[in-house]
Amino acid sequence: MYRVLTERSLLTGLSDMWWSSRIQDGLIPCVVLGYMAFALVLMVLLPGKRLEGPETLKGNIPVYKNNGFLCYIVTMAAFVVFTVVLKGQGLTPTVVYDRFDEVMLFLNAFSVVFCLFLYIKGRYWPSSSDSGYTGNFIFDYYCGVELYPRVFGVDIKVFTNCRFGLTVWPILVVLYNLKSYELHGFVNSIFISSVLQLVYITKFFWWEGGYMHTLDIILDRAGFYICWGCLVLVPSLYASVSMYMVKNPVHLEPITAVFLLGCGLACILINYWADLQKLTTRKTHGNCLIWGRKPNIIKAKYILHSGEEKESLLLVSGWWKVARHFNYLAELLLAFFWTAPCMTLNFAPYAYLTFLTILLVHRSFRDERKCSSKYGQYWKEYCREVPCRIVPYLI
Ligand SMILES: NC(=O)C1=CN([C@@H]2O[C@H](COP(=O)(O)OP(=O)(O)OC[C@H]3O[C@@H](n4cnc5c(N)ncnc54)[C@H](OP(=O)(O)O)[C@@H]3O)[C@@H](O)[C@H]2O)C=CC1
Ligand SMILES: CC(C)CCC[C@@H](C)[C@H]1CC[C@H]2C3=CC=C4C[C@@H](O)CC[C@]4(C)[C@H]3CC[C@]12C
């Protein structure tokens with residue numbers, strides 16, 4: 001991708017690539033479509049407990065199969081076996097790194113068509129009453145029409161966000177390590193950064209049930225924003241730090257490496273801990289201990305579209321007392337600690353951190369707008385109790 005953007009103009013680059021003999025050999029489309037088919041088969045066939053998502057304002061309760069962690073483990077194990085088999089034949093999966101521009105071109109083309117399909121499906125064959133359109137094609141295409149589209153029972157957003165985007169990212173990270181090893185032997189900076197990313201992604205799958213309660217799933221409809229984001233932006237931008245390190249190896253002092261690793265792991269722990277405190281409080285209806293004490297909670301009432309009154313718990317203890325989105329601060333610091341091993345002032349590896357900062361600040365506003373309209377006076381009360389949005393004592 002970097003090559004395309006820096007060495008030639010984007011349009012000439014794209015057309016050259018399309019007509020180049022390389023993409024016409026069909027290898028990259030086969031690899032990408034083959035991987036999607038593999039992920040789909042795992043998603044459908046692997047067992048998992050029934051998981052209910054949060055009730056929508058229209059009163060629907062989406063049901064999922066909680067097999068994300070198993071799918072992730074099987075995918076990573078299959079990738080290791082596949083790599084060993086390829087090596088046995090004198091081949092290497094790092095061809096994906098060498099031809100990453102084609103991967104991006106194909107994924108972009110695929111997601112544009114896929115989102116058109118989602119738009120048409122949503123308008124004419126919606127899966128549930130949680131769908132709607134404004135009539136403005138550009139807006140509906142970008143933001144999506146359906147909240148929980150299903151095709152033959154397959155939940156599209158779980159597929160794009162979790163089974164594809166979040167499994168391609170760790171595979172690319174491992175693949176970039178292999179490429180770095182082929183080029184330079186063992187380099188500790190890419191290794192440290194990758195360990196942090198892999199632990200973080202493993203944590204994501206362990207907590208995947210919690211993800212079903214987030215904005216991406218309960219608020220963002222399946223449109224270009226979320227689907228292109230997960231099909232294209234996650235494999236490119238999210239994995240870009242490791243990609244940068246392939247050609248920019250740095251040998252860190254052991255003490256620096258251990259320090260960055262330790263700080264990164266602490267951030268993952270805090271981020272997970274905060275998410276877990278919220279989940280546990282809700283699951284136990286507040287009958288749990290947060291930092292060794294019974295939590296303070298606000299019993300927040302809200303009204304469904306049907307007029308029915310419901311109640312949720314807002315936690316005012318633990319990390320949720322420190323700031324209203326302290327988990328975002330841990331997430332940002334973590335991204336810093338897995339980028340810092342690059343030891344450079346060059347902007348390229350910091351692109352993800354920059355994007356994430358903008359995304360999370362914007363997301364905190366979106367989330368609070370949602371909470372404020374859902375909970376009204378109860379949300380105001382929470383904001384009075386916890387005045388800081390992300391950074392304690394600051395903002
Ligand atoms: N790397 C990345 O690109 C990104 C990572 N993330 C990570 O994903 C995870 C989830 O993030 P996200 O969904 O954005 O946000 P949160 O985990 O902060 O969840 C926000 C929701 O939690 C509920 N809530 C808010 N305050 C409280 C409270 N005090 N007590 C109980 N419930 C509360 C509200 O939902 P309700 O309607 O249920 O009350 C609110 O909409 C985080 O770890 C975050 O760091 C997030 C975005 C991007
Ligand atoms: C089109 C673009 C301007 C924006 C696309 C954004 C999406 C790719 C991302 C928006 C929110 C992101 C995520 C939210 C929460 C997550 C939990 C975390 O533990 C792992 C990462 C992620 C799934 C993350 C993935 C990318 C987004 C969906």
Side-chain angles (χ1 to χ4, degrees), residues 52-62 122 126-136 138-149 157 161 209-227 229 274-275 277-279 281-283 285-286 295-329 331 356-391 395:
E52 288 192 353
E55 186 172 359
T56 68
L57 287 176
K58 295 256 171 84
N60 300 318
I61 300 184
S127 304
S128 78
S129 55
D130 283 300
S131 79
Y133 53 91
T134 62
N136 177 334
I138 308 267
F139 182 89
D140 293 335
Y141 178 81
Y142 182 77
C143 294
V145 174
E146 286 191 87
L147 195 54
Y148 298 100
K157 282 200 309 192
N161 298 25
Y211 182 62
M212 301 309 157
H213 294 252
T214 67
L215 287 189
D216 306 348
I217 304 292
I218 65 177
L219 201 69
D220 292 334
R221 291 158 189 260
F224 189 81
Y225 168 81
I226 203 80
C227 294
D275 291 340
Q277 285 182 339
K278 183 178 75 172
L279 270 186
T281 305
R282 292 240 168 125
K283 218 187 240 172
H285 306 287
N296 292 329
I297 48 177
I298 296 173
K299 292 188 173 174
K301 298 203 169 31
Y302 63 96
I303 314 268
L304 294 182
H305 282 178
S306 63
E308 192 188 342
E309 190 178 82
K310 293 268 176 178
E311 186 182 276
S312 263
L313 300 186
L314 293 176
L315 177 61
V316 198
S317 293
W319 296 113
W320 297 86
K321 172 77 186 165
V322 178
R324 299 197 295 275
H325 295 277
F326 191 75
N327 49 353
Y328 288 2
L329 184 60
E331 180 95 26
L356 190 66
T357 308
I358 298 167
L359 180 86
L360 290 183
V361 170
H362 177 240
R363 192 172 166 104
S364 73
F365 281 93
R366 283 178 68 212
D367 186 60
E368 302 223 344
R369 209 179 314 129
K370 183 213 96 181
C371 290
S372 175
S373 83
K374 182 174 174 184
Y375 298 123
Q377 59 178 59
Y378 301 100
W379 187 255
K380 281 202 183 119
E381 187 184 337
Y382 178 53
C383 294
R384 268 197 306 275
E385 295 262 358
V386 185
C388 290
R389 185 183 284 268
I390 298 179
V391 187
I395 45 162

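- In this structure, Lys321 NZ and Cys388 SG are separated by 10.5 Å, a value rounded to the nearest 0.5 Å.
- More than 12 non-hydrogen atoms from other residues, nucleotides or ligands lie less than 6.0 angstrom from NZ of Lys58.
- Across Arg221 and Asp130, no two heavy atoms sit closer than the pair NH1-O, 4.4 Å.
- With sequence neighbours excluded, no residue forms a side-chain contact (heavy atoms from CB on, under 4.5 Å) with Pro387.
- Within a 6.0 Å radius of NZ in Lys299, no more than 12 heavy atoms belonging to other residues, nucleotides or ligands are found.
- A pairwise comparison of heavy atoms in Leu147 and Thr56 identifies CD2-CG2, 4.4 Å as the closest pair.
- If you take OG on Ser364 and CG on Leu329, they are separated by 12.0 Å, rounding to the nearest 0.5 Å.
- Annotation: side chain of Arg282 is in contact with side chain of Leu314 (closest heavy-atom distance under 4.5 Å).
- Without hydrogens or angle criteria, Asn296 side chain to Ser317 main chain gives no donor-acceptor distance under 3.5 Å.
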Considering only distance and modelled atom types, tabulate donor-acceptor pairs under 3.5 Å from the side chains of residues 301-309, sequence neighbours left out.
from, atom 1, to, atom 2, distance (Å)
Lys301, NZ, Glu311, OE1, 3.4
Ser306, OG, Glu308, N, 3.4

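- Among residues two or more places apart in sequence or in another chain, the side-chain contact (heavy atoms from CB on, under 4.5 Å) test is passed with Arg369 by Arg366.
- One distance of note links CD1 of Ile218 with OH of Tyr211; it measures 11.0 Å at 0.5 Å rounding.
- Scanning for ring pair (Phe, Tyr, Trp, His ring centres under 6.0 Å) contacts around Tyr382 gives Trp379, with sequence neighbours left out.
- A distance of 11.0 Å separates CD1 of Ile297 from OG of Ser312, quoted to the nearest 0.5 Å.
- Closest of all the heavy-atom pairs between Ala300 and Tyr375 is CB-CD2, 3.5 Å.
- Annotation: side chain of Ser129 is in contact with side chain of Asn60 (closest heavy-atom distance under 4.5 Å).
- Taking CD1 of Ile217 as the reference point, atom NE2 of His213 lies at 10.5 Å (rounded to 0.5 Å).
- A distance of 10.0 Å separates CG in Asp367 from NZ in Lys374, rounded to the nearest 0.5 Å.
- With hydrogens and angles disregarded, a donor-acceptor distance shorter than 3.5 Å links the side chain of Lys157 to the backbone of Asp220.
- Taking each heavy atom of Glu146 and Ser131 in turn, the nearest pair found is CG-CB, 3.6 Å.
- A search for salt bridge (charged side-chain N to carboxylate O under 4.0 Å, His left out) contacts involving Glu368 returns Arg324, Arg389, not counting sequence neighbours.
- Defined by atom type and a distance below 3.5 Å, a donor-acceptor pair is missing between the side-chain atoms of Ser127 and Tyr148.
- Residues Trp319 and Asn327 have side chains not in contact (no heavy-atom distance under 4.5 Å, counting atoms from C-beta outward).
- Leu356 pairs by the side-chain contact (heavy atoms from CB on, under 4.5 Å) definition with Glu331, Leu332, Ala335, Tyr352, Leu359, Leu360, not counting sequence neighbours.
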